[in-house]
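The structure under discussion appears below in the form of structure tokens.
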Amino acid sequence: MKRMVFVVLAFACCSCSTGSGENGPGPGDGGSDGASADAVSEVRRSELPVDVSWDLFDGVPADSVILLDAFEEVEVADGVLDVDASPPQVPVPFVEVPRDLWGGYPELPVAQGTGWFTTGLSGGRAWLVDPDGNAFFSLGIQAVAFGSLNGEGLGYPPGHLAQYAKYLSEVENLDEIPAWVKSQQVETMLEHGFNTVGGWSGGSQVSGKMAYTRNLGFMSGCGGDQVPTVSAGGIRDVFHPDFAEGCLAYAQDAVSAAEAADPWFIGYYIDNELRWHGGDLFVPDPAGSLADDFIDEPADAPGKVAFAALMEARYGGDLQAFNAEYGLEMSDWDALLEISGLPFDPDDEQQRADRDAFIEQVAGLYYAAVDAALEATIPDHLNLCDRIAEIAPLPVFRMAGKHCDVVTVNDYYIESDPLIDFMLGAPPEARWETQSTAAFEGAGGVTPFIVTEYGIRGADSGLPNTYGAGKTVLTQQDRAEFYDWSSRWFLERAHGGTGYITGWHWFMYTDEPPTGRSFDPEDCNYGVCTLRNERYVFLLQAMAHVNRFVDGLLAEAVEATLLAPPATIQWGVDEAGGVELIWTAQPFEETWMVHLLTHPAGTDAR
């Protein structure tokens, strides 16, 4: 089957008013100010293998935006494109990597099939293992759903209205549109090489088409009023005698019987971005840690009693040594229960180690109680961890590796940046190395990781992009290049020669409301589609291209390197009104695709 590859850049013929574009002038740039679309008499291109229907482009208005990708020669006459070229069709060999029913690799069996998703190690890599026992690499998108969230200040979800308006003529019954749209979204994902519906997507409606996951919220949902919270970020007192029972009760209420019986269901994320640094923080605090939230609890709080007991044990009962370390004058260990605001010097290794030892107890009790609750209610599916936000104390990773089937991390900051590296404590490569090593210590060996949330925003979308994780780049082509680069970065993560990242899930399917979400100001172009469910063609074609190469790399059907997107095209208008374009061809390309573009989302003219 033929796959359509990258669309590389867009420009508006009507915008060629100077001899240079945003990407700089091309070698043929004569600096002809004032050249208009009608003055563009010729587009000269390198000869490349193509397979397009040229009739599609006859008579297209020249003042529309065209994508550069497969013409040999195009002329503009009387304001319309005149396509006369019929380029040669040159086949380029490529190994098509088959996928099985579930989206796994039948040529890479890992274990005997169990009928459910499991995990395993094979061929120098950690894997998910699909119900047939084959290696499964989870390529996903999050928030796959009809419409959008409510827009701040609007009082309604703008994506709902936009998609109702768009599809009302195609679907007779208004009530059927949401399910119809989600079905179309899954088909789009399959077309572009994805095999997993990620978090915040609702889930079971896609069963039979694509593997899926779902979010739970144990920390907020368990215990009710019986198990108090100890931090502004909602961490409960896991030492409370009712905590484990509360987790079981929550699981019994939250677990879906349909999902429990569904082989397409991978498993549950047990929480989302818990504030493991204490307070309501995602990053380390030089003034304290999660342990300090427990220290500041009343004397009879189970967590504070546990902290005091741990300190007495760590110091071997030597109260004088503890007093000397913290500058205290306690007369006995019970006095520690009356202290609030235990001194903390972040440069003091002993004080940091004391707190880390306690955080390990907190994390261990949390993960163990949740895992036991899942084992009791849905034993055939995976515990997908709590989607750790970029960085957590190493003891948290150690306990996550011990108790979770897959360690999941949300990370928008895999590109090194001095300020971000400072805030997170280290460059991304170092963070992932130390955190994964801690998880493997807890697991007793390499265990799978999935990057369950990441992405990047484009300024050309027209959305404000004023609030949200990650950075903003200029164009959808830049987002495409980021997907390629980040995929290579993820695949390079290894421990002792074993690759441990077994998938990544892009955030998100549909853009956010331009006024922000109703519960926070996030107003970003994270989506692969607009609020009207229009595809960002550059981005999705890049994703399809990269996903195909990931298949090939993992199945060892191609050389062990990903194909980078074509270099940015240079272009310019010479004195005669001709547009010259230069780019570099890439290997393994079967065909090229031409699109018409009137919006960053594009118009797919296949």
| request: For this output row, return yes or no: ring centroids of Phe239 and Phe243 closer than 6.0 angstrom. | output: no

| Could you give the distance from CH2 (Trp116) to OG1 (Thr118), rounded to the nearest 0.5 Å? | 12.0 Å

| query | Hey, is the main chain of Cys524 close enough, under 3.5 Å, to the side chain of Glu512 for a donor-acceptor pair? | reply | yes

| Around atom CD of Glu245, are there more than 12 heavy atoms of other residues, nucleotides or ligands at under 6.0 Å? | no

| Hey, is the main chain of Phe117 close enough, under 3.5 Å, to the side chain of Asp130 for a donor-acceptor pair? | no

| message | Would you say the ring centers of Phe440 and Phe449 fall short of 6.0 Å from each other? | response | yes

| query | Which pair of non-hydrogen atoms, one from Phe146 and one from Gln185, has the smallest distance, and what is that distance? | reply | N-OE1, 4.1 Å

| message | Can you tell whether the side chains of Arg431 and Glu390 come within less than 4.0 Å, N to carboxylate O? | response | no

| field | Pair His381 and Tyr268, ring centroids less than 6.0 Å apart | value | no

| message | Any heavy-atom pair between the side chains of Tyr269 and Cys385 that's under 4.5 Å? | response | no

| field | Nearest-0.5 Å distance that lies between atom CG in Asp478 and atom CG in Leu539 | value | 11.0 Å

| Between the main-chain N or O of Phe265 and the side-chain N or O of Arg214, is there a donor-acceptor pair closer than 3.5 Å? | no

| said: The criterion is side-chain hydrogen bond (donor to acceptor under 3.5 Å, both in side chains); which residues satisfy it with Tyr483, sequence neighbours excluded? | reply: Trp504, Asn547

| task | Check whether any side-chain heavy atom of Arg125 sits under 4.5 Å from a side-chain heavy atom of Thr502, and report yes or no. | result | no

| remark: What one should report as the nearest heavy-atom pair of Ala373 and Cys247 is CB-O, 3.6 Å

| Under a 4.5 Å cut-off applied to non-hydrogen side-chain atoms, are Val305 and Leu337 in contact? | yes

| message | Can you confirm whether the side chains of Asp421 and Ser416 place a donor and an acceptor under 3.5 Å from each other? | response | yes

| said: Counting C-beta onward and ignoring hydrogens, is there a side-chain heavy-atom pair between Asp411 and Tyr454 closer than 4.5 Å? | reply: no

| Under 6.0 Å between the ring centres of Tyr526 and Trp506? | no

| field | Pi-cation contact, Tyr536 with Arg479 (under 6.0 Å, within 45°) | value | yes

| message | Nearest 0.5 Å, please: how far is OG in Ser201 from CD in Gln142? | response | 7.0 Å

| message | As an exercise, state the distance from OG of Ser289 to CD1 of Ile359, rounded to the nearest 0.5 Å. | response | 4.0 Å

| said: Check this for me, if you would: do Glu152 and Arg517 make a salt bridge, where the nitrogen-to-carboxylate-oxygen distance has to be below 4.0 angstrom? | reply: no

| said: I want to check something: taking the side chain as every heavy atom from C-beta on, are Tyr156 and Pro158 in contact at a cut-off of under 4.5 Å? | reply: yes

| said: Salt bridge or not between Arg398 and Glu441? Use side-chain N to carboxylate O under 4.0 Å. | reply: yes

| message | Side chains of Glu415 and Trp485 only: does a donor on one sit below 3.5 Å from an acceptor on the other? | response | no

| task | Could you walk me through whether Ile501 and Ile450 pass side-chain contact (heavy atoms from CB on, under 4.5 Å), step by step? | result | CA-CA 6 Å; Ile501 291 183; Ile450 295 178; over 6 Å; no

| Do Asn525 and Arg457 have a side chain donor and acceptor closer than 3.5 Å? | no

| said: Between His160 and Asn150 (side chain of the first, backbone of the second, donor and acceptor by atom type, cut-off under 3.5 Å), is there such a pair? | reply: no

| said: So, taking the atom named CG in Leu310 and the one named CZ in Phe358, what distance separates them when rounded to the nearest 0.5 Å? | reply: 7.5 Å

| request: Might you point out which heavy atoms bring Asp405 and Asn383 nearest each other, and give the distance in Å? | output: OD2-N, 2.8 Å

| message | Applying side-chain hydrogen bond (donor to acceptor under 3.5 Å, both in side chains), can you list everything that pairs with Tyr413, at least two apart in sequence or on another chain? | response | none

| task | Indicate yes or no for a side-chain donor-acceptor contact from Ser138 to the backbone of Gly503 under 3.5 Å, with no hydrogens or angles considered. | result | no

| Criterion side-chain contact (heavy atoms from CB on, under 4.5 Å) on Val129 and Thr119, from CA distance to verdict | CA-CA 5 Å; Val129 180; Thr119 62; 5.5 Å; no

| message | Please check this pair: side chain of Asn215 against backbone of Asp271, looking for a donor-acceptor N/O pair closer than 3.5 Å. | response | no

| said: Can you tell whether the side chains of Asp356 and Arg352 come within less than 4.0 Å, N to carboxylate O? | reply: no

| Polar side-chain atom of Asp484 near backbone of Ser487 as donor-acceptor pair, under 3.5 Å | no

| task | May I ask you to test the Asp386-Tyr366 pair for a side-chain heavy-atom distance under 4.5 Å? | result | yes

| Donor-acceptor contact below 3.5 Å, side chain Lys182 vs main chain Val144 | yes

| said: Is there a side-chain hydrogen bond (donor to acceptor under 3.5 Å, both in side chains) between Thr452 and Asn410? Walk through the geometry before answering. | reply: CA-CA 5 Å; Thr452 39; Asn410 300 347; 2.7 Å; yes

| field | Shortest non-hydrogen contact between Gly401 and Ala443, atoms and distance | value | O-CB, 3.2 Å

| message | Just verifying a value: how many Å separate Glu273 CD and Glu453 CD, rounded to the nearest 0.5 Å? | response | 5.5 Å

| Expected output: side-chain His495 to main-chain Tyr500 donor-acceptor under 3.5 Å | no

| query | Do any N or O atoms from the side chain of Gln163 and from the backbone of Gly147 form a donor-acceptor pair under 3.5 angstrom? | reply | yes

| message | I'd like to know whether Phe218 forms a ring pair (Phe, Tyr, Trp, His ring centres under 6.0 Å) with Tyr250, so could you lay out the CA-CA distance, the side-chain angles of the two residues, the decisive distance to 0.1 Å, and finally the verdict. | response | CA-CA 7 Å; Phe218 274 91; Tyr250 173 78; 4.8 Å; yes

| query | Looking only at heavy atoms, which two atoms of Leu531 and Pro514 are closest? And how far apart? | reply | CD1-CD, 3.8 Å

| task | Compare every heavy atom of Ser207 with every heavy atom of Asp262, then report the nearest pair and how far apart it is. | result | OD2-OG, 2.7 Å

| Is any side-chain heavy atom of Leu342 less than 4.5 Å from a side-chain heavy atom of Leu328? | yes

| request: Please identify each residue that fulfils side-chain hydrogen bond (donor to acceptor under 3.5 Å, both in side chains) with Arg355, with sequence neighbours left out. | output: Asp292

| Met219 vs Leu274 side-chain heavy atoms within contact, under 4.5 Å | yes

| field | Phe507 and Ile141: CA distance, side-chain angles, deciding distance, side-chain contact (heavy atoms from CB on, under 4.5 Å) verdict | value | CA-CA 6 Å; Phe507 185 77; Ile141 298 178; over 6 Å; no

| query | Step by step, would you call Trp276 with Phe397 a ring pair (Phe, Tyr, Trp, His ring centres under 6.0 Å)? | reply | CA-CA 10 Å; Trp276 287 113; Phe397 278 93; 9.8 Å; no

